[in-house]
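These notes are about the structure you will find just below.
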Amino acid sequence: MTSRFHYDLVALVIFAIMIAFGVPALMNYDGFELNTFARYLALAIVSMALALSWGTAGLLNLGQAATFGMGSYAMAMHLKLRASNGLPDFMGWNNVPELPLIWVPFESLAFTLLAGLLIPAFVGGLIAIFMFRARIAGVFVAIITLAFLVAFQLLVINQQGLTGGQNGLTGLAQLSLPGWTVDPYSMGFYYLVAGCLTIALAAGVYLTHSKFGLVLRAIREDADRTRFFGYNVATYQTAVFCISAALAGWAGMLYTMVLEFASPTYMGVSFSLAIVIWCAVGGRESVIAAAFGAIIVNMLEGRLSDVFVEGWHLMLGVIFVLVVMFMPRGIYGLLSELAAKLRRTGRQQNAASIEPSSKTQLETGQEQ
């Protein structure tokens, strides 16, 4: 195991302790505050999912909000059926006579959970196969995924009888698990989201430091050379795209439970670009840093919107510009450079302390 892997494990443990014990104490165990922070934690999952594909493999996915929305709507469809006990109200308003077949499987919680992970992964895989078998790379990946995002959002909005259209899915029931009805304002729910984030980060750290992650980094640096070494570059790129999409779907399911509704707004271009910003601010080279960036930016956004009702977007934009100009590798890059500088200083001090003693020994030998 490399030293960086040890550092990431230590950072993961510290991060988990902070969100498990530090945050609830700082929030004074208030249900509303914990619900707000649970929203940040859910968004942290989608940010670290983007770091897997962008930071590790160099694949900038501007359509990450689409797979996030798939997971969100999967959970919302299940909760809407539980609240309706029959045909959802918006279908009656749109003259839908009976429950569409696509909705029927979502009466099962097990199917819903699997669908929230596998449908985004399947769709992401289809897009990835189309792109990477044709050896599409660089900015063209971003353009294609962005085009898919816009088309998918329009599809969801236009199918008003199936998706609720622009209004989305509202009036959802609370999730019921065996022996537990999930209250989004409870400590139990907060720990559910925090546990999901910790598991996702642990999986991300493992993947990035495994042979799989090493090959992905090689592809990021030089895909052609990696291909010449005998690796199927398209297969690795497709795999990381699917994993990233599944994690985004997982985040979407949690986000629906936090907000208690699903909206096509969270499949929009602005939301997808926001995910890129969170990842860039934290540092796309580390999944933990990307998650931390999502939490910090959303906390800052919440505080600025409370203080500066009109101009908080401008202030947030200025902060982003400064980060890109002076911290192009994000917070992670800044801390890495600081740690490297401290190590160099330590080595220089050790060398300086050893040199006089060596000189003294040499002079003593000459006198003898």
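Predicted, not measured: the structure shown is a model, and the values here were computed from it. As a basis for the values below, the full set of heavy atoms in this structure was taken, side chains included, without hydrogen atoms, waters or symmetry mates.
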Note to self: Would you say that Val123 contacts Phe152 through its side chain, given a criterion of any heavy-atom pair below 4.5 Å between the two side chains?
What the structure shows: no
Notebook entry, point to check: If two hydrophobic side chains count as joined below 4.5 Å and joins carry through other members, does Phe68 share a cluster with Leu114?
Noted result: no
Notebook entry, point to check: Has Leu338 got more than 12 heavy atoms of other residues, nucleotides or ligands less than 6.0 Å from its CG?
Noted result: yes
Notebook entry, point to check: For the residue pair Leu87 and Val96, what are the closest heavy atoms and their distance?
Noted result: CD2-O, 3.3 Å
Item checked: Pro24 side chain reached by Tyr191 side chain, heavy atoms, under 4.5 Å -> yes
Note to self: Give me the atom names and distance for the closest heavy-atom approach of Ala200 to Leu247.
What the structure shows: CB-CD2, 4.1 Å
Notebook entry, point to check: Considering residues, nucleotides and ligands other than Met18, do more than 12 of their heavy atoms fall under 6.0 Å from its CE?
Noted result: no
Item checked: Spacing of Leu254 atom CG and Arg39 atom CZ [to the nearest 0.5 Å] -> 13.5 Å
Item checked: Within 6.0 Å of CZ in Phe111, more than 12 heavy atoms from elsewhere -> yes
Checklist line | N/O donor-acceptor pair under 3.5 Å between Arg133 side chain and Ala234 backbone | finding: no
Margin query: Less than 4.5 Å apart, side chain to side chain, heavy atoms only: is that true for Phe148 and Asn61?
Written below: no
Next item on the list: Flag the pair Phe37 / Val193 as yes when at least one side-chain heavy-atom distance between them is below 4.5 Å, and no otherwise.
Entry: no
Check: With a 4.5 Å limit on heavy-atom distance, are the side chains of Leu99 and Glu107 in contact?
Finding: yes
Item checked: Minimum heavy-atom distance Gly283-Ala289, with the two atoms named -> O-CB, 3.7 Å
Note to self: With rounding to the nearest 0.5 angstrom, report the CD to CE distance, Glu260 to Met75.
What the structure shows: 12.5 Å
Notebook entry, point to check: Does Tyr332 belong to the same Ile/Leu/Val/Met/Phe/Trp/Tyr cluster as Trp278, with side-chain heavy atoms less than 4.5 Å apart forming each link?
Noted result: no
Margin query: Does Leu175 form a side-chain contact (heavy atoms from CB on, under 4.5 Å) with Leu109? I'd like the steps, not just the answer.
Written below: CA-CA 9 Å; Leu175 180 66; Leu109 176 60; 3.5 Å; yes
Checklist line | Distance-minimising heavy-atom pair for Met253 and Thr112 | finding: SD-O, 4.0 Å
Note to self: Is it the case that the side chain of Ser186 and the backbone of Phe189 share a donor-acceptor pair, with hydrogens and angles ignored and the cut-off at 3.5 Å?
What the structure shows: yes
Next item on the list: Look up atom OG1 in Thr56 and atom CG in Leu214, then write down how far apart they are to the nearest 0.5 Å.
Entry: 11.0 Å
Margin query: side-chain contact (heavy atoms from CB on, under 4.5 Å) for Phe241 and Thr145? Distances and angles first, verdict last.
Written below: CA-CA 11 Å; Phe241 226 71; Thr145 52; 3.8 Å; yes
Checklist line | Pair Met91-Lys80, side-chain contact (heavy atoms from CB on, under 4.5 Å): steps then yes or no | finding: CA-CA 11 Å; Met91 291 186 182; Lys80 185 65 176 178; over 6 Å; no
Next item on the list: Answer whether the closest heavy-atom distance between the side chains of Val240 and Phe212 falls below 4.5 Å.
Entry: yes
Check: Are Phe106 and Tyr73 side-chain neighbours, meaning at least one heavy-atom pair lies under 4.5 Å?
Finding: no
Notebook entry, point to check: Checking Asp30 side chain against Phe32 main chain: does a donor-acceptor pair fall under 3.5 Å?
Noted result: yes
Next item on the list: Decide whether Leu12 and Ile19 are clustered together by the hydrophobic rule: side chain heavy atoms of Ile, Leu, Val, Met, Phe, Trp, Tyr closer than 4.5 Å, transitively.
Entry: yes
Margin query: So does Pro184 get a backbone contact from the side chain of Gln174, meaning a donor-acceptor N/O pair under 3.5 Å?
Written below: no
Item checked: Distance-minimising heavy-atom pair for Ala248 and Thr67 -> CB-OG1, 3.4 Å
Next item on the list: Quick one: closest heavy-atom pair of Gly249 and Pro120, and the distance?
Entry: CA-CG, 3.9 Å
Note to self: When you measure from the side chain of Trp103 to the backbone of Leu162, do you find a donor-acceptor pair of N or O atoms at a distance under 3.5 Å?
What the structure shows: yes
Checklist line | Sole candidate of Ser47, Ser272, Ser244 that passes side chain to side chain donor-acceptor pair (under 3.5 Å) when paired with Gln64 | finding: Ser244
Notebook entry, point to check: Considering residues, nucleotides and ligands other than Ile102, do more than 12 of their heavy atoms fall under 6.0 Å from its CD1?
Noted result: no
Next item on the list: Please round to the nearest 0.5 Å and tell me the distance separating atom CG of Leu118 and atom CE of Met70.
Entry: 12.5 Å
Note to self: Starting from Val276, can I reach Phe140 by hopping between I/L/V/M/F/W/Y residues whose side chains sit under 4.5 Å apart?
What the structure shows: yes
Item checked: Residue pair Leu41, Tyr190: steps toward the side-chain contact (heavy atoms from CB on, under 4.5 Å) verdict -> CA-CA 9 Å; Leu41 298 183; Tyr190 171 81; 3.7 Å; yes
Notebook entry, point to check: Is the Phe292 ring parallel, tilted or perpendicular to the Phe15 ring (thresholds 30°, 60°)?
Noted result: perpendicular
Notebook entry, point to check: Roughly how far apart are Thr163 OG1 and Met77 CE, rounded to 0.5 Å?
Noted result: 9.5 Å
Check: Is there a side-chain contact between Arg284 and Cys279, using heavy atoms and a 4.5 Å cut-off?
Finding: yes
Notebook entry, point to check: Between Leu155 and Leu149, is there a shared hydrophobic cluster once you connect ILVMFWY residues whose side-chain heavy atoms come closer than 4.5 Å?
Noted result: no
Check: Could you state the interatomic distance from OH (Tyr236) to NZ (Lys211), rounded to the nearest 0.5 Å?
Finding: 5.5 Å
